[in-house]
Amino acid sequence: MERQPGIRSPLMESGRSSGDDSGREYGSSLEDGRAPGDVTRLDDDDVEESQLRAPSNFIWALTVVAGVSGLLFGYDTGVISSTLVSIGTDLSSRPLSTLDKSAITSCTSLGALLASPVSGVLTDSLGRKRVLLIADFLFIVGALWQVFTTTVSGMVVGRTIVGLAVGGASFVAPLYISELAPSPFRGRLVTIVSLFITGGQVVAYIVGWLFSETVAGWRWMVGLGALPAVVQCVSLTFMPESPRWLVKSGLKERAAQVLGKVYGSGMQGDNIVRKVLRRVELEVLEEEEATARRRAHADDEVAAKRKWFSGMDSIMETFDELVGVGGNRRALTIACMLQGLQQLCGFNSIMYFSATIFQLVGFSSPTLTSLSIATTNFLFTLVAFSAIDRIGRRRILLYSVPIMIVGLALCSVAFNFLNLDPSSAGSAGLDAPVDDIVASKGVGPWATIILVAMIVYVAGYAIGLGNVPWQQSELFPLPVRSLGSGIATATNWGSNFIIGLTFLPLMEAFAPTGTFAAYTFVCVAGWFAIYRIYPETAGLNLEEVGGLLANGWGVKESMQRRRRT
């Protein structure tokens, strides 16, 4: 039997917590006659966010500053493609083996995997802004470590530090933006993080190309990753904390001030601030009462055991709420499914190893050729930016994943006709000098088809799957939002780690044809999963999405709502 996420209490009857009347100015009492705790009835029409025509200058500035985390994410994951083909014998005085390349690539994902759930906990205790600052510090340390290392193991350590930073920033930045963005623009504003990610990858490929002929140029490639982190550190000092975190921490006056900057001044802005603040406060109060009730009815033996782990009590209670309440569990399932699919479809194997792949099929300038992949990703992310709120999250995935399937299938077929020698498909070929490969094969029509197929695949990915999973924060209620987003992001990086570690061995064991066929199958399975369980959340406020998942997957209900708007 599923537990219900909230109950009524005397606190809710007054609309504010005892001993704190800071929310009174913004209408915390339910003077309009609604049933106390009836959060689901506070819809867009009531809050009047739908009347907003454009985000304020403040929210644009905040989004850009937070989006620098995406730039760091994209740069540090994209630069490795150029770095791998530029290191030569600079590390440990020998050429990189396939195992070295896999370790250097996958350790970033492993670091991100380890950091994501921890960051989820820290985000609840320290706030969204402070965790972003911690991530910036790790970006700087990791970049400088890579610059000065002289061994493969040292490079692995530096990439792991960067991975820790990426793991925190990759979910905190979208979370931070989603909790500040007005609901009509939330999809587009969160997509800006993805736009920065793809932009960072383009910059990484351009930098890689510019320094590809420079002695030890790869050190410049990785070292420049520290610069955006410094810029963000300075910029964040002028940015506020998330108002929803402030309400949860009992700082309602500060939250109201931040919301005032988001929605603007004047009668309409004040009205929206008052009602948004009330809606968030009600959600927090409901969760506090639900938590108090669970504690009161907890088994004495379990409670006694937990005294030994008093520091873990809050985390365990949040986790229990996340997996024990049906709506929260369904939100976690959807978020983890989308994040896992985003990586298991094989996209980052192309981003990490695109230069290696183009080197394998005979392109004389693999780094420059890889730039076409990064540019495609960036340009079609712009398409997603303009369409995600208008078309909707669900439909944009159902339309774009088939494009990915076509691109992957064409890649698999083209590799089959390329007739690569067994040696060139294996480690010998992947590690061979570019000039030797070009001299033996040259660039034929099937190699060109592979390039076109990859561009088609990346275009489909950028429109949908590259962006929609990062809307994950909107699926979770406030009390479990950080932990749920952290676990979903850990799923992303766990899948990314698997892809980074296994791509080159799969290319050796099953040849490129079999490897890309496997990714095609993953995309087909993912499309059916999206069709079955992913509801449309575009246009809903953050507190409203929880009601959609409370008693089921909410797919039919969400589509009916979408047709009415």
Side-chain angles (χ1 to χ4, degrees), residues 2-3 5 40 116-117 120 170-171 174-175 178-179 183 186-187 190-191 193-194 318-345 347 384 388-389 391-401 404 461 463-496 522-562:
E2 294 178 350
R3 295 200 305 272
T40 58
S116 296
S170 62
F171 99 88
L175 171 64
S178 70
E179 289 192 336
S183 57
R186 189 175 63 244
V190 173
T191 299
V193 177
S194 297
T318 304
F319 182 77
D320 288 345
E321 182 75 5
L322 180 62
V323 299
V325 175
N328 297 344
R329 188 170 59 249
R330 281 183 279 274
L332 184 64
T333 301
I334 293 170
C336 289
M337 180 268 291
L338 291 177
Q339 290 286 19
L341 179 61
Q342 187 188 70
Q343 298 301 326
L344 295 176
C345 71
F347 173 78
I388 193 167
D389 283 320
I391 295 178
R393 285 72 151 144
R394 173 183 164 86
R395 282 203 298 170
I396 207 168
L397 283 179
L398 293 177
Y399 295 161
S400 62
V401 172
M404 296 170 58
Y461 177 91
I463 292 171
L465 203 52
N467 298 285
V468 174
W470 296 113
Q471 308 288 333
Q472 61 189 5
S473 300
E474 67 186 12
L475 296 170
F476 297 100
L478 178 60
V480 297
R481 187 171 294 149
S482 294
L483 184 60
S485 298
I487 293 174
T489 305
T491 303
N492 180 296
W493 289 109
S495 303
N496 192 316
V522 169
C523 288
V524 172
W527 187 92
F528 282 102
I530 292 165
Y531 181 81
R532 290 283 297 173
I533 70 172
Y534 185 41
E536 183 55 71
T537 59
L540 301 179
N541 60 57
L542 292 177
E543 289 69 36
E544 210 171 19
V545 177
L548 192 64
L549 296 170
N551 298 308
W553 298 109
V555 173
K556 290 184 179 179
E557 180 186 352
S558 70
M559 296 310 295
Q560 290 170 355
R561 288 189 185 190
R562 187 68 179 172

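Positions are given from 1 along the sequence.
- Annotation: side chain to side chain contact (heavy atoms under 4.5 Å, CB included) contacts of Ala335 (sequence neighbours excluded): Gln472, Leu475, Phe476, Ala488.
- For the atom pair CG of Asn496 and OG1 of Thr489, the computed distance is 12.0 Å after rounding to the nearest 0.5 Å.
- Residues Ile388 and Val190 form no side-chain contact, since every pair of their non-hydrogen atoms from C-beta on lies 4.5 Å or further apart.
- Judged purely by atom type and a 3.5 angstrom limit, Gln343 has no side-chain atom pairing as donor or acceptor with the backbone of Asn492.
- For Phe171, there are no ring pair (Phe, Tyr, Trp, His ring centres under 6.0 Å) partners two or more places apart in sequence or in a different chain.
- The minimum heavy-atom distance between Leu465 and Cys345, with the atom names listed, is CD2-SG, 4.1 Å.
- In this view, Asn467 and Ser194 satisfy the side chain to side chain donor-acceptor pair (under 3.5 Å) rule, not counting sequence neighbours.
- We find the CD1-CZ distance between Ile334 and Arg329 to be 12.0 Å, quoted to the nearest 0.5 Å.
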Practice prompt. In sequence, state the C-alpha distance, the side-chain angles, and the governing distance for Met337 and Ile530, and then conclude on side chain to side chain contact (heavy atoms under 4.5 Å, CB included).
Written response: CA-CA 9 Å; Met337 180 268 291; Ile530 292 165; 4.3 Å; yes

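- In this structure, the ring pair (Phe, Tyr, Trp, His ring centres under 6.0 Å) partners of Tyr531, at least two apart in sequence or on a different chain, are Trp527.
- Evaluation of the side chain to side chain donor-acceptor pair (under 3.5 Å) rule for Ser170 yields Trp493 as partners, not counting sequence neighbours.
- With sequence neighbours excluded, the residues that form a side chain to side chain contact (heavy atoms under 4.5 Å, CB included) with Ile463 are Phe380, Val383, Ile396, Ser400.
- Under the rule for a salt bridge (Lys or Arg N to Asp or Glu O under 4.0 Å), the partners of Arg393 that lie at least two apart in sequence or sit in another chain are Asp389, Glu474.
- Put simply, the side chain of Arg394 does not reach to within 4.5 Å of the side chain of Thr537, judged on heavy atoms.
- Sorted by first and then second residue, the pairs that involve residues 480-491 and meet salt bridge (Lys or Arg N to Asp or Glu O under 4.0 Å), not counting sequence neighbours, are Glu179-Arg481.
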Item to complete: List the steps and the verdict of side chain to side chain contact (heavy atoms under 4.5 Å, CB included) for Gln342 and Trp470.
Response: CA-CA 10 Å; Gln342 187 188 70; Trp470 296 113; 3.3 Å; yes

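- Checked against side chain to side chain contact (heavy atoms under 4.5 Å, CB included), Ser482 has the following partners two or more places apart in sequence or in another chain: Thr123, Asp124, Arg128, Leu175.
- Atoms CG and OG, on Leu548 and Ser558 in that order, are 5.5 Å from each other to the nearest 0.5 Å.
- Atoms CG and SG, from Leu341 and Cys336 in turn, are 12.5 Å apart once rounded to the nearest 0.5 Å.
- The closest donor-acceptor contact from the side chain of Glu321 to the backbone of Val480 lies at 3.5 Å or more, if one exists at all.
- Scanning both residues, Ser178 and Ser473, for their nearest heavy atoms gives OG-CB, 3.4 Å.
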Item to complete: Carefully, step by step, assess Leu338 and Leu397 under the rule side chain to side chain contact (heavy atoms under 4.5 Å, CB included).
Response: CA-CA 10 Å; Leu338 291 177; Leu397 283 179; 3.8 Å; yes

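- Arg330 has its side chain within reach of Trp553: a pair of non-hydrogen atoms, C-beta onward, lies under 4.5 Å apart.
- Residues Ile487 and Phe319 are in side-chain contact: their nearest non-hydrogen atoms beyond the backbone lie under 4.5 Å apart.
- Atom CG of residue Asn328 and atom OG1 of residue Thr333 lie 10.5 Å apart, to the nearest 0.5 angstrom.
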